[in-house]
There are 2 protein chains.
Amino acid sequence: MGQRPTILDVAKKAGVSKSTVSLVLQKNSAVKESTRVAVRQAMADIGYVYNRSAATLRSSCSGLIGLVINDLRNPFFAEFATSFQMELAQNGFATVLANTDEDPLLQSRMISSLIEHGVSGFVISPSYGQEEDTLAVIEAAGVPALQVFRSLSQGDNRFPFVAPDYKLGGTRATEHLLEMGCKRIAFLGGLNGRPVTQERMSGYLDVIARNNQEPVVLTGEATRQFGKKMVDKLAADHPDVDGVICFNDLVGLGVLSACVELGIRVGRDLRVVGFDDIEDCQDSFPAMSSVSCHIPDFAKTTAAQILSWINDGVCPPDQQRSDVELVIRASSGQA
Amino acid sequence: MGQRPTILDVAKKAGVSKSTVSLVLQKNSAVKESTRVAVRQAMADIGYVYNRSAATLRSSCSGLIGLVINDLRNPFFAEFATSFQMELAQNGFATVLANTDEDPLLQSRMISSLIEHGVSGFVISPSYGQEEDTLAVIEAAGVPALQVFRSLSQGDNRFPFVAPDYKLGGTRATEHLLEMGCKRIAFLGGLNGRPVTQERMSGYLDVIARNNQEPVVLTGEATRQFGKKMVDKLAADHPDVDGVICFNDLVGLGVLSACVELGIRVGRDLRVVGFDDIEDCQDSFPAMSSVSCHIPDFAKTTAAQILSWINDGVCPPDQQRSDVELVIRASSGQA
DNA sequence: TTCAATGTTTGGAACGTTCCAAAAATGTGG
DNA sequence: CCACATTTTTGGAACGTTCCAAACATTGAA
């Protein structure tokens, strides 16, 4: 017994069979309370630790969930990953993290690796490109997978998709700026052609059209740098813009930063709304209004869905949109 | 064969024994090139996927590394986790992530869970408290564990510890502000009594003493909010302060934000240096000077060390300090 | 042609669980 | 005290790999 004790050692110590010990481990209600206690005691005494590899092999259920994220450096995803991981942990599942850095090749490799490790399910915010391959591997393996935030397969219902109602967010943000008296509102950032960009933008475009304004759209990388650059561009090409909807908060923070630098008074000369409501929004100057999907709640829902799919075979609906809330702060501020 | 194909199916298909297939899987050089190719082909043909649970069970080597992080919402750790994970992936290891949110109880639970999953090693930036327990579990399990950034066991050499040279960072930052002509320099943020705080601060204190200045120290939470609050406090209690060293970038960003709000010209009225050099530093206004440990390099080193410990039994030295660089930007700017 | 050395392949026995059908223990009503 | 239902417990047989000692092939030298 130089090695780690096994279920067999526990059984011997407790004077029962290994099967009984196994039942205790699985919290099976058939085992009598008194023996349960005895077994638990024996475990504690000899310092037993559960070997999940063995369990997984036999039962093909690993208690592992793969979380595949396209950009963990974006605080939005970091916040999501954090909440999600904690939620899973509460349910006895461990999270295997894979950051794909927007690289579909890396993504394929990582997904394969996760499958090898026997993850019981995937939650995946996919990187674009190589779409067939990526999903095909998961499908072939027959592992439940939930797409979040982005979808590679919108419409073909191979993998259910959950996301905040981006369009509604765009709508709300735009309406808000109109109410605040903005006469010319621009939409900034987000790669052109990407579904997420399109949705957020379409909310904006609808409202703009309905109010007979002319849209100003400057798509591009969803980064702080891009946000900064666009402030110059706006000043040069569209001096009448007095409100901007940003594709996400990073762009928004870039805008704020540039405005401060140029002496543009955010909340007066220019009203700014971001998207995602990452924590930074509360502490920027000025504090930034943003469309929130309530990350912790969203993560909780996501976790619940993948778990009930795994545990009870309940496959989530094809496509779901969660509500969003516009959190109003000084950047789009009161007059 | 309704189930996933196994090594045995591959063997049959390729006309060899399962042992040979296993050898191929392990990239053993004993197997002849031609059979290697044949086996690989067979795998591809029948869509074989490696079952690591089985391999782990037999070989007790899981290819899994546990990354335990005290606060993944802090971009610094998110950036580290990202780099680390990618580095491991390149070496065929998967990263199981656990965020402990500064909660030692959660930490204990998560570590136990990771051990059950058979992680081959830990890299851990620990939450404080309950120290004995936390480390005892890992020690009992005999799993290699590397502490990063923080150490629960400084001195008792149970687990090697790697961190940036915090003190040197404090020194460099302070010297820099002196060179820029600051007459009164404050140190802001970081929980009192924590080793990391002490180290960063001691670099500061040394330089201050050597230059016959009087120190101004305001410890506290390492958050943006705290940074903001302290600007008011400085203005009220220490109006002569013209330079601040911040415990970390979050505090620094808070300071910047408050300064902009109050019309304090950062880089002129007040010079600011942060710590960690997270990506935000480049895009704040003004861009923030910060002590960098070169996160990607640091992650690479860490990954290399834990891997060589696991693979080759090379236990890293008890304590290591990596070099830091002061990245100078506008917040501490040129005169 | 034979022998030794070297290069390749192989069958069975692990690894530590869970699953299952069946056995043993316990409880109940007559 | 028996027959029966019910509650607990149990011994193998998996699960899909890796490991090992031994078998088989091939090569070069004698």
Side-chain angles (χ1 to χ4, degrees), chain A residues 1-40 42-43 46-64 92 113 115-118 120 141 311, chain B residues 1-40 42-43 46-64 92 115-118 120 141-142 311:
Chain A
M1 215 200 290
Q3 302 308 338
R4 284 203 201 162
T6 81
I7 199 185
L8 231 100
D9 301 310
V10 175
K12 202 176 303 166
K13 175 90 181 180
V16 298
S17 77
K18 64 179 170 32
S19 301
T20 304
V21 177
S22 176
L23 290 179
V24 170
L25 248 11
Q26 297 169 72
K27 307 201 199 310
N28 187 310
S29 60
V31 20
K32 199 165 36 167
E33 177 65 11
S34 61
T35 67
R36 215 206 87 237
V37 172
V39 170
R40 286 276 176 217
M43 286 181 180
I46 65 179
Y48 168 76
V49 339
Y50 186 49
N51 183 330
R52 264 178 211 273
S53 309
T56 302
L57 174 58
R58 180 59 236 244
S59 69
S60 49
C61 162
S62 67
L64 238 37
S113 159
I115 291 177
E116 285 184 2
H117 278 289
S120 308
N311 293 329
Chain B
M1 211 199 290
Q3 302 307 339
R4 284 206 199 158
T6 80
I7 200 184
L8 232 100
D9 301 310
V10 174
K12 202 177 303 168
K13 175 89 180 180
V16 298
S17 76
K18 65 181 169 32
S19 302
T20 304
V21 177
S22 175
L23 290 177
V24 170
L25 247 13
Q26 297 169 74
K27 306 201 199 312
N28 188 309
S29 60
V31 17
K32 201 167 32 169
E33 177 65 10
S34 61
T35 67
R36 215 206 88 238
V37 171
V39 169
R40 287 275 176 218
M43 287 183 180
I46 66 179
Y48 168 77
V49 340
Y50 186 51
N51 183 330
R52 261 178 213 273
S53 308
T56 301
L57 174 57
R58 178 61 235 239
S59 68
S60 49
C61 162
S62 66
L64 237 38
I115 291 178
E116 284 184 2
H117 278 287
S120 309
N311 293 329

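As the structure is a prediction and not an experimental result, all values here were calculated from the model. Naming: A, B, ... by sequence-line order, numbering from 1 per chain.
- Note that NE2 of A/H117 and OG1 of B/T56 are 7.5 Å apart. Values are rounded to the nearest 0.5 Å.
- Listed candidates were D/dA13, D/dT17, D/dT10. Nearest to the side chain of A/T20 is D/dT10.
- Minimum atom distance to the side chain of A/A54 is reached by C/dG16, of the listed C/dT18, C/dG16, D/dT17.
- Contacts of B/S19 with the nucleic acid, taken as non-hydrogen atoms under 4.0 Å apart, include base atoms.
- DNA chain D is contacted by both B/K32 and B/Y50; B/Y50 maps to the nucleotide lying nearer its 5′ end (nearest heavy atom per residue).
- Across C/dT10, C/dT17, C/dT18, the shortest atom-to-atom separation from the side chain of A/S59 is found for C/dT18.
- Judged by distance alone, the side chain of A/S62 and the main-chain N or O of A/G118 form a donor-acceptor pair under 3.5 Å.
- Atom CE of residue B/M43 and atom CZ of residue B/R40 lie 5.0 Å apart, to the nearest 0.5 angstrom.
- Atom OG of B/S19 and atom CD1 of B/I7 lie 7.5 Å apart (nearest 0.5 Å).
- A/L23 has its CG atom 13 Å from the P atom of D/dG11, to the nearest Å.
- Between the NZ atom of A/K12 and the P atom of D/dT9 there is a distance of 20 Å, rounded to whole Å.
- Across the interface with DNA chain C, nearest-nucleotide mapping of A/L57 and B/V31 shows B/V31 to be the residue nearer the 5′ end.
- Of the listed nucleotides (D/dG12, D/dT18, C/dT10), D/dT18 has the atom at the smallest distance from the side chain of B/R58.
- Within 4.0 Å (heavy atoms only), A/S22 reaches at least one base atom of the nucleic acid.
- Contact annotation: B/T35 reaches the phosphate of C/dT9 (side-chain N/O to OP1 or OP2, under 4.0 Å).
- The OH atom of A/Y48 sits 3 Å away from the P atom of C/dT17 (whole-angstrom rounding).
- Nearest-nucleotide positions on DNA chain C place B/S29 closer to the 5' end than the other of A/Q26 and B/S29.
- Atom CG of B/L64 is separated from atom CZ of A/R52 by 12.0 Å, given to the nearest 0.5 angstrom.
- The C1' atoms of five pairs define one axis at each end of the helix from C/dT1-D/dA30 to C/dG30-D/dC1, and these two axes lie 40° apart (to 10°).
- Atom NZ of A/K18 and atom C1' of D/dC15 are 14 Å apart (whole Å).
- With rounding to whole Å, A/N28 atom CG is found 13 Å from D/dT7 atom P.
- The NZ atom of A/K32 lies 14.0 Å from the CG atom of A/L23; values are rounded to the nearest 0.5 Å.
- Contact record, A/P5 with A/Y48: O-CD1, 3.5 Å, taken as the closest heavy-atom pair.
- Atoms CG and OG1, from B/N51 and B/T6 in turn, are 9.5 Å apart once rounded to the nearest 0.5 Å.
- Between the P atom of D/dA13 and the CG atom of A/L8 lies a distance of 15 Å, rounded to the nearest Å.
- At whole-Å resolution of the value, CZ in B/R36 and P in C/dT8 are 13 Å apart.
- Between A/I46 atom CD1 and C/dG16 atom P the separation is 12 Å, expressed in whole Å.
- Phosphate contact (OP1/OP2 of D/dT10, side-chain N/O of A/S17, threshold under 4.0 Å): present.
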